[in-house]
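Let me begin by presenting the structure, written as structure tokens, before commenting on it.
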Amino acid sequence: MKNKIDYADFYERVGRTNGWNFSSMNVVSEKIGWNFYEEVVRHTRSSDLLLDIGTGGGEALLSIAEEALLLVGIDLAQGMIETAQHNLQATGDHSNVRFLHMDAEKLDFPDCFFNVISSRHSGFSASEVFRVLAEGGIFLTQQVSEHDKFNISEAFARGQSRGILPGTLMERYKHELQIAGFHDIQVREYNVVEHYATPEDLMFLLTHAPIIPDFGKVDTDFERFQQLVKENHDEKGIRTNSARFMITARK
């Protein structure tokens with residue numbers, strides 16, 4: 001059975017801690033299938049209006065600010081939006097970027113407003129995305145597959161998707177998009193080896209991402225962590241896997 005996590009509380013705390021910015025973490029994924037925001041850019045024209053759901057600290061959206069006429073990032077966590085606003089002010093030259101505190105289940109935008117909508121590792125409402133997307137517009141989402149970080153969830157005997165059949169979330173999202181009215185729904189997947197350079201890098205991940213529920217609060221966690229590092233360490237670092245799927249859909 002899936003371990004339940006209070007995601008709203010979790011992301012609020014993370015947003016105030018580091019803005020969901022993992023740039024300091026030394027990790028290498030081997031031959032990933034795509035870069036999500038490069039895919040977003042590939043489908044975006046300079047005259048487009050773009051919405052990014054679950055934008056976090058806004059780093060990714062700011063990195064593609066020149067690719068669209070207007071870019072709006074939303075997040076449920078106020079702490080994330082505060083970090084995104086700070087990052088926006090630090091750039092000083094992206095007047096076409098906005099960050100708003102908003103629930104993806106109830107988008108406060110007019111019908112048919114955006115040409116492109118993206119959502120990376122964030123929940124979304126298929127019906128709301130369909131409503132605010134312009135005719136002919138495209139929606140892209142990348143999500144974490146259930147068998148991501150499989151050896152880690154095995155080591156701790158718990159995990160955010162432990163016990164759930166791989167492909168469950170993907171099929172659910174495909175069905176929801178179809179029901180909402182989307183067509184030309186395309187799916188891509190990858191599952192690749194990933195190495196964290198040091199135990200500290202892996203510790204940072206587990207502390208700041210909801211991979212292991214209540215990581216560090218269970219008495220045996222430190223012992224299990226040491227054993228995980230010992231059993232999965234090679235010349236490249238600590239080995240695990242990165243499993244993702246991406247869905248694109250047209251209105």
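When a residue number appears, it is its place in the shown sequence, counting from 1.
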Do you see a donor-acceptor pair shorter than 3.5 Å between the side chains of Asn241 and Asn191? yes
Given side chains that start at C-beta, do those of Leu69 and Asn96 come closer than 4.5 Å, heavy atoms only? no
More than 12 non-hydrogen atoms from neighbouring residues, nucleotides or ligands closer than 6.0 Å to CZ on Phe150, yes or no? no
Joint hydrophobic cluster, Ile53 plus Ile81, side-chain heavy atoms closer than 4.5 Å: no
Measure from the side-chain N and O atoms of Asn35 to the backbone N and O of Glu38, and report whether any donor-acceptor pair falls under 3.5 Å. yes
Kindly compute the distance separating CG (Leu61) from CG (Asp52), expressed to the nearest 0.5 Å. 5.0 Å
Between Ser119 and Thr141, the two heavy atoms sitting closest are O-OG1, 2.8 Å
More than 12 non-hydrogen atoms from neighbouring residues, nucleotides or ligands closer than 6.0 Å to CG on Asp219, yes or no? no
Tell me whether the rings of Phe182 and Phe139 are parallel (<30°), tilted (30 to 60°) or perpendicular (>60°). tilted
If Ile, Leu, Val, Met, Phe, Trp and Tyr residues are connected whenever their side-chain heavy atoms lie under 4.5 Å apart, and connections chain through other members, are Val132 and Met102 in the same group? yes
Can a salt bridge be assigned to the pair Arg172 and Glu176 using a cut-off of 4.0 Å between side-chain N and carboxylate O? yes
Ignoring hydrogens and angles, state whether a donor on the side chain of Ser145 or Asp148 is under 3.5 Å from an acceptor on the partner side chain. no
Classify the ring geometry of Tyr173 against Phe245: parallel below 30°, tilted from 30° to 60°, perpendicular beyond 60°. tilted
How about Thr55 and Asp75: does a side-chain donor come under 3.5 Å of a side-chain acceptor? no
Nearest 0.5 Å please: distance from the CD atom of Glu105 over to the OG atom of Ser127. 7.5 Å
Please say which of Leu133, Leu71, Thr44 ends up in a side-chain contact (heavy atoms from CB on, under 4.5 Å) with Val116. Thr44
Are the side chains of His195 and Glu30 in touch, meaning some heavy atoms are under 4.5 Å apart? yes
Measure across Ala104 and Ser125 and return the closest heavy-atom pair with its distance rounded to 0.1 Å. O-CB, 3.8 Å
Let me confirm one number: the CZ-CG distance from Phe109 to Leu100, rounded to the nearest 0.5 Å. 5.5 Å
Check whether any side-chain heavy atom of Pro199 sits under 4.5 Å from a side-chain heavy atom of Ile238, and report yes or no. yes
Between Trp34 and Gln142, does a side-chain contact (heavy atoms from CB on, under 4.5 Å) hold up when you go through it step by step? CA-CA 10 Å; Trp34 61 83; Gln142 175 178 294; 2.7 Å; yes
Identified side chain to side chain donor-acceptor pair (under 3.5 Å) partner of Gln227 from the options Glu223, Glu231, Lys230: Glu231
Give, for atom CG of Leu206 and atom CG of Leu228, the distance between the pair rounded to the nearest 0.5 Å. 7.5 Å
Can Leu202 and Phe225 be said to form a side-chain contact (heavy atoms from CB on, under 4.5 Å), step by step? CA-CA 9 Å; Leu202 183 58; Phe225 180 82; 3.9 Å; yes
Is the charged tip of Lys251 near the ring of Phe130: under 6.0 Å from the six-membered ring centre and within 45° of its axis? yes
For the pair Arg244 and Val144, evaluate side-chain contact (heavy atoms from CB on, under 4.5 Å) and give the outcome as yes or no after the intermediate values. CA-CA 5 Å; Arg244 303 286 186 269; Val144 178; 3.8 Å; yes
Side-chain touch His94/Glu66, heavy atoms, less than 4.5 angstrom: yes
Tell me, do Val28 and Lys236 make a side-chain contact under 4.5 Å, heavy atoms counted? no
Which atoms form the tightest heavy-atom contact between Ile212 and Arg158, and what is the distance? CD1-O, 3.2 Å
Decide whether Phe99 and Leu51 are clustered together by the hydrophobic rule: side chain heavy atoms of Ile, Leu, Val, Met, Phe, Trp, Tyr closer than 4.5 Å, transitively. no
Considering all heavy atoms, the nearest Asp201-Asn26 contact: OD1-N, 3.0 Å
Closest approach of Lys31 and Val192, non-hydrogen atoms and distance? O-CG1, 3.4 Å
Using a 6.0 Å cut-off, check whether atom CG of Asp184 has over 12 heavy atoms from anything other than its own residue. yes
Checking the side chain of Arg120 only, and the main-chain atoms of Phe36 only, is there a donor and an acceptor separated by less than 3.5 Å? no
Begin with the C-alpha distance, continue with both residues' side-chain angles, and end with the deciding distance and a verdict on side-chain contact (heavy atoms from CB on, under 4.5 Å) for Ile138 and Thr248. CA-CA 7 Å; Ile138 190 167; Thr248 61; 4.3 Å; yes
When hydrophobic residues are tied together by side-chain contacts of less than 4.5 Å, even through go-betweens, does Leu70 share a cluster with Tyr37? no
Could you check whether any side-chain heavy atom of Val193 comes within less than 4.5 Å of a side-chain heavy atom of Arg239, counting everything from C-beta outward? yes
Quick one: are Arg162 and Phe156 in side-chain contact, heavy atoms under 4.5 Å? no
Does Asp48 pair with Arg45 as a salt bridge, N-O distance under 4.0 Å? yes
Any side-chain heavy atom of Glu194 sitting closer than 4.5 Å to one from Lys149? yes
Euclidean distance, Asn115 CG relative to His43 NE2, rounded to 0.5 Å: 13.5 Å
Check the hydrophobic clustering (I, L, V, M, F, W, Y; side-chain heavy atoms under 4.5 Å; chains of links allowed) and say if Val40 and Ile32 are grouped together. yes
Of all heavy-atom pairs linking Leu50 and Phe114, the shortest is C-CD2, 3.6 Å
Measure the spacing between OH of Tyr196 and CE of Met203 and express it to the nearest 0.5 Å. 13.5 Å
Taking Glu146 for the side chain and Ser161 for the main chain, is one N or O donor matched with an acceptor at less than 3.5 Å? no
